[in-house]
Structure formats: C-alpha cells, structure tokens
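The structure appears right after this line, and notes come after that.
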There are 2 protein chains.
Amino acid sequence: MSAPGSFVEISALAGDPARALMLHALMDGRALTAGELARVAGITPQTASGHLARLATAGLVTVERQGRHRYHRLAAPSVARMLEAMMQVASELAPPRPVPTGPRDAAMRTARTCYDHLAGRLGVAITDALVSRQFVELAEDAGSVTPGGVAFLADLGIDTVPLSTARTRRVLCRPCLDWSERRPHLAGTLGAAVCARALSAGWVRRIEGSRALSVTRPGEGVFRDAFGIVL
Amino acid sequence: MSAPGSFVEISALAGDPARALMLHALMDGRALTAGELARVAGITPQTASGHLARLATAGLVTVERQGRHRYHRLAAPSVARMLEAMMQVASELAPPRPVPTGPRDAAMRTARTCYDHLAGRLGVAITDALVSRQFVELAEDAGSVTPGGVAFLADLGIDTVPLSTARTRRVLCRPCLDWSERRPHLAGTLGAAVCARALSAGWVRRIEGSRALSVTRPGEGVFRDAFGIVL
DNA sequence: CCGATGTTACGGTTGCCGCCGAAACGTCGC
DNA sequence: GCGACGTTTCGGCGGCAACCGTAACATCGG
C-alpha cells in the first residue's frame with residue numbers, strides 16, 4: 001500500500017496535543033524557534049525540542065539554523081494542505097461551538113494568514129468579491145481564474161502569468177474552508193500570490209507573535225476601491 | 001482556534017496502526033463489517049469493534065445496521081480528502097520504496113478505486129488523455145473542465161451539467177496523487193462521475209474483497225476508442 | 001574570556017491505551 | 001423456540017511514550 005508505516009507515523013505525530021499545537025502555530029508559514037513553540041504548546045523547551053526533532057526526522061518540518069537559533073518551518077506545502085484538510089474535518093465534527101470570541105480572537109477573525117494565504121473576514125470577503133464579479137470560479141474542491149480575472153489581478157500587481165503555463169484558462173487556485181467564517185476562502189498558488197502582494201504592498205501587516213493581520217490605511221483604500229470591501 | 005481538541009482526537013485516532021489499516025480499507029467508499037475490518041487490520045473482532053466505536057463516536061465513520069451486520073463507511077467526502085492528503089504526504093516522505101510488486105499488487109496497480117474515483121494506471125491514463133486533448137486542465141492543486149470536455153464527456157454518458165451551476169467553464173475536478181504511479185489522477189466530483197459511469201456501464205468490475213478493478217472486454221474497447229488507452 | 005541564552009542528552013516516574021479472554025446480547029436459519 | 005453466528009461489553013494485563021528534573025553543549029554579546 002502507500003507506505004502505511006509513514007501514514008501512521010504522521011498521524012501519531014500529529015495526534016499528540018503538544019505537537020498539534022506546534023504544527024498549528026507553524027501553519028502561518030513562518031519559521032519559529034523551539035522556545036517559541038514550547039510557549040505555544042505550554043511545555044518546557046526540552047520537551048519541545050524533542051518533539052521537533054521527531055517531526056524533523058519524519059520530514060514534516062525542516063530545520064534551518066541561524067547562529068544560536070534553530071528555525072523550524074513546515075517542510076512542504078503538501079504538509080500544510082494536509083493540516084488544512086484535517087482542520088476542516090475537525091471543524092465539521094465539532095458542532096457545539098458556544099465558545100465566546102475572546103478579545104484576543106477579534107483580530108484573528110478579522111484577518112489572518114492560513115499558511116501562505118489570507119483567511120478570516122478579509123480573506124472570505126476578497127474571495128466573495130472575486131467570485132461575484134466572475135473573476136474567479138470556485139467549486140467545492142477546485143477553482144479557476146477567468147481571463148477577466150487575470151487582467152483585474154494584473155492591475156493590482158498580482159501577475160498570474162508566471163504562475164501557470166500561459167493559457168487563457170488558469171487553474172491555480174483552490175478553496176480552503178475558513179474555520180471562523182465557515183465559508184471558503186482563496187488558497188492555492190493564487191491565494192499565496194494575493195497574500196504576498198498584500199504584505200509587500202503594505203495593505204496588511206503582521207501582528208507580532210500571532211497569525212493575525214492588521215489592515216493598514218492604504219490597505220483599507222485598496223480593499224474598498226478594488227474589491228468593495230468595508231470590514 | 002479551530003477546535004484543536006477535535007484535531008488531536010482525529011490525528012490520534014488515525015495514528016494507531018490497526019485503525020489506520022481500517023480507514024485505509026474504507027477508502028474504496030464501500031461499507032464493511034467489523035469482522036472484515038478486523039481481518040484487514042489483523043486483530044480480533046472485539047478489538048476492532050472497540051476501534052470502530054471510537055471512530056464512529058468521533059464522527060469519522062458512520063454505522064448502518066442491516067440485520068445482524070453493522071456496516072461501517074467513511075462519514076463524509078471530506079474525511080476521504082483528508083486521508084488522501086495524509087497519504088500524499090506519507091508517500092512523499094517515504095523515498096526508499098524497494099518493495100517488489102507482489103502478484104497481488106498487480107491488479108491494484110492496473111486499476112483500482114480511490115474512495116469514489118479511479119486510480120492506478122487506468123486512472124492516470126484517463127487523466128492524461130483528457131489533459132492532452134485539452135478536455136481538462138489540471139494544476140498542482142486544482143482543475144477545470146473545458147467546454148470541449150463537457151461535450152466529449154456527454155458523449156460517453158457522463159453529464160457534467162447537473163454537477164455545476166451551468167456555466168461554460170466548470171470547476172469540479174481536482175488532482176489526486178496516485179501512490180503507485182506517482183502522478184496525479186482525476187478526483188473530485190468529475191472523478192466520481194467518471195468512476196460511477198465506468199462501473200454502471202460495465203467498463204470495469206470490482207474484484208471481490210479488494211479495491212482493485214478488472215477492465216471488461218467492452219471496457220477495453222471504450223478506453224481504446226475514446227481515450228486511446230491500451231493497458 | 002566569561003555570563004546569558006537557547007538547545008540537546010539522560011533517567012526516572014506516571015499515565016494512558018491497545019490487546020486479548022471470557023461472557024452477554026441480538027439476529028438469522030431451521 | 002433452538003443452536004449458530006456476528007457483535008459488543010467488561011476486566012485485567014502489558015508496553016509504550018510523554019513529561020519534567022538535572023546537566024552538559026553550542027553560540028552570541030560584551
């Protein structure tokens with residue numbers, strides 16, 4: 001079969017609460033140190049280091065050393081996709097969600113990163129705008145960009161040409177279920193390009209120590225004028 | 001966050017060798033009894049029953065009783081997608097595969113089901129044929145059907161109209177990495193429709209007690225004439 | 001060269017969980 | 001109704017692994 005050994009190994013690794021929290025934290029696509037991940041998981045640095053060594057041995061995360069720091073990140077986009085799929089099932093299976101939204105969660109629900117693309121109300125709103133104007137088409141588990149969408153995105157500085165093999169119809173996006181909005185937002189190559197552009201152009205800024213994003217004043221203007229979004 | 005409790009619960013459930021084998025067996029989309037799954041996993045029926053009860057409580061599988069049998073199946077397509085994503089990561093992380101192909105595997109490698117769509121050499125060949133004729137376009141994580149593809153598939157009795165919201169461009173397919181061929185095959189709604197048509201039209205037949213499929217004489221003709229495939 | 005910080009290695013304790021044997025329950029065929 | 005079969009429940013055994021002290025290593029700043 002398809003490496004059942006690796007399958008159970010991966011599942012068992014993700015099945016530990018501490019490791020799950022660390023993988024969760026790494027979902028924003030950035031590289032974190034063992035100490036930061038230990039705080040996130042609520043365990044001592046030694047224990048976190050051991051967990052990360054196992055994750056690295058299994059190939060789920062890669063380690064990159066800079067001076068006395070060792071930065072850990074998810075090893076591949078496929079790992080992030082796997083975690084997304086697991087989170088989607090998890091959200092489907094947890095119907096009772098009377099958890100009140102803490103003040104800390106407010107920023108997360110407004111805008112955040114999901115591995116390499118945008119999520120939260122902003123991510124969903126952008127996706128809705130692109131879909132309603134027929135710039136992007138989404139099905140339950142696939143998506144594509146229309147020629148009009150290519151032009152629209154190019155105006156915003158998001159070039160889709162190098163992302164595909166230069167055809168009129170482009171398949172480089174993918175829906176990703178948003179756990180706070182319970183609706184799909186834009187993922188895949190295009191989602192990553194939009195997120196990268198939003199960060200480099202200063203439309204959004206990372207909030208320190210969190211996956212949450214804050215929308216800047218210029219960003220507000222762009223989202224309002226180009227997408228018709230007022231959060 | 002997005003129900004971290006459910007996340008670790010799911011991972012831990014999939015992280016047991018016996019349960020992983022059972023989930024693996026359920027990937028063909030059919031419903032199996034506790035006894036059958038016990039044999040697959042190499043454990044006693046009591047143990048299997050306990051495992052299945054936990055999987056059902058968590059919501060990963062659903063139970064359906066008929067007489068003195070209790071049939072278990074995957075609870076939702078999203079669960080199958082999750083398992084697929086995990087298998088994909090597992091296959092990427094298992095580079096050494098010197099395992100010789102046993103005679104039992106031969107049929108599996110030729111053609112088999114992957115949850116609700118076709119896999120193996122047949123599944124990949126069909127996908128290649130659709131892509132090379134520009135009936136379907138696939139990217140790394142998304143796909144779409146061209147207008148010409150809609151017509152071609154309609155000739156084969158595969159109606160794509162009710163599958164989408166009646167537009168010229170259709171996004172209802174998705175690539176799924178094939179563990180034996182190491183190349184993508186057609187999944188998603190369209191993959192399921194093709195598989196269903198192949199089974200109902202008698203182009204392929206299920207091999208008892210396995211996910212493997214045998215290609216019938218009529219099927220050979222259809223695949224050769226319509227797709228140019230000779231296995 | 002010397003503290004401070006971050007990371008790795010080692011032992012020991014604790015708890016959880018998978019497994020099976022035995023037995024009870026429900027359903028089907030006669 | 002009566003055995004036969006599939007399935008579930010209960011009790012107890014065994015093993016694995018997560019966790020934290022403590023301590024030894026690297027690396028950076030002064």
Side-chain angles (χ1 to χ4, degrees), chain A residues 4-26 30-73 75 208-209, chain B residues 4-26 30-73 75 208-209:
Chain A
S6 299
F7 181 93
V8 297
E9 182 184 358
I10 291 170
S11 308
L13 284 174
D16 177 78
R19 284 192 295 260
L21 286 170
M22 291 193 271
L23 290 173
H24 216 96
L26 289 173
R30 285 182 298 176
L32 303 173
T33 67
E36 294 173 302
L37 290 168
R39 277 192 294 278
V40 169
I43 55 180
T44 61
Q46 316 92 293
T47 307
S49 180
H51 284 311
L52 288 167
R54 293 183 57 181
L55 290 172
T57 302
L60 289 180
V61 306
T62 57
V63 194
E64 184 179 344
R65 54 183 312 158
Q66 280 183 20
R68 58 178 163 184
H69 294 285
R70 291 173 55 116
Y71 289 98
H72 303 78
R73 69 168 67 248
E208 195 65 29
Chain B
S6 298
F7 181 93
V8 298
E9 183 183 358
I10 290 170
S11 308
L13 284 174
D16 176 78
R19 285 193 294 260
L21 286 170
M22 291 192 271
L23 290 172
H24 215 96
L26 290 172
R30 285 182 297 176
L32 303 174
T33 67
E36 294 173 302
L37 289 169
R39 276 191 295 278
V40 170
I43 55 180
T44 62
Q46 317 92 290
T47 307
S49 178
H51 284 312
L52 289 167
R54 294 182 58 181
L55 290 172
T57 301
L60 289 180
V61 307
T62 57
V63 195
E64 187 180 341
R65 54 182 310 160
Q66 279 183 21
R68 58 179 161 181
H69 294 284
R70 292 174 58 122
Y71 289 97
H72 302 77
R73 69 169 68 246
E208 196 65 30

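Each chain gets a letter, A, B and so on, in the order the sequences are listed, and its residues count up from 1. If you're wondering where the values come from, they're calculated on a predicted model, not measured in any experiment.
In this structure, M22(A) atom CE and dC19(D) atom C1' are separated by 12 Å, rounded to whole Å. Between the P atom of dT8(D) and the CG atom of L55(B) lies a distance of 12 Å, rounded to the nearest Å. If you take CD1 of I43(A) and P of dA18(D), they are 10 Å apart, rounded to a whole angstrom. Between the CG atom of L13(A) and the C1' atom of dC16(D) there is a distance of 14 Å, given to the nearest Å. In this structure, L32(B) places its CG atom 15 Å from P of dG6(D), rounding to the nearest Å. Remark: P of dT8(D) and CZ of R54(B) are 15 Å apart, rounded to the nearest angstrom.
For R65(B), no side-chain nitrogen or oxygen approaches OP1 or OP2 of dT7(D) to under 4.0 Å.
Within 4.0 Å of A53(A), counting heavy atoms only, lies no atom of the nucleic acid at all. Here T47(A) lies in heavy-atom contact (under 4.0 Å) with a base.
In this model, no donor atom of one side chain and acceptor atom of the other lie less than 3.5 Å apart for Q46(A) and S49(A). Using modelled atom types, one finds a donor on one side chain and an acceptor on the other under 3.5 Å when comparing T33(B) with E36(B).
When the side chain to side chain donor-acceptor pair (under 3.5 Å) test is applied to H72(A), no partner is found at least two apart in sequence or on another chain.
In the set dA18(D), dC19(D), dG6(D), the nucleotide with an atom closest to the side chain of H51(A) is dC19(D). Checking dC19(D), dT9(D), dT7(D) against the side-chain heavy atoms of A34(B) singles out dT7(D) as nearest. For Q46(A), taking side-chain heavy atoms from C-beta onward, the closest of the listed nucleotides dT22(D), dT7(D), dC20(D) is dT22(D).
Note that the first and last nucleotides of DNA chain C, 5' to 3', having any atom under 4.0 angstrom from a heavy atom of chain B are dG18(C) to dC28(C).
Across A58(A) and L13(A), no two heavy atoms sit closer than the pair CB-CD1, 3.3 Å.
Between the side chain of R30(A) and the main chain of A25(A), no donor-acceptor pair closer than 3.5 Å is present. No donor-acceptor distance shorter than 3.5 angstrom exists from the side chain of R19(B) to the backbone of L52(B), with no hydrogens or angles considered.
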message: Checking L55(A) against L23(A) for the side chain to side chain contact (heavy atoms under 4.5 Å, CB included) test, could you report, in this order, the C-alpha distance in whole Å, the side-chain angles of both residues, the deciding distance, and whether it holds?
response: CA-CA 9 Å; L55(A) 290 172; L23(A) 290 173; 4.3 Å; yes

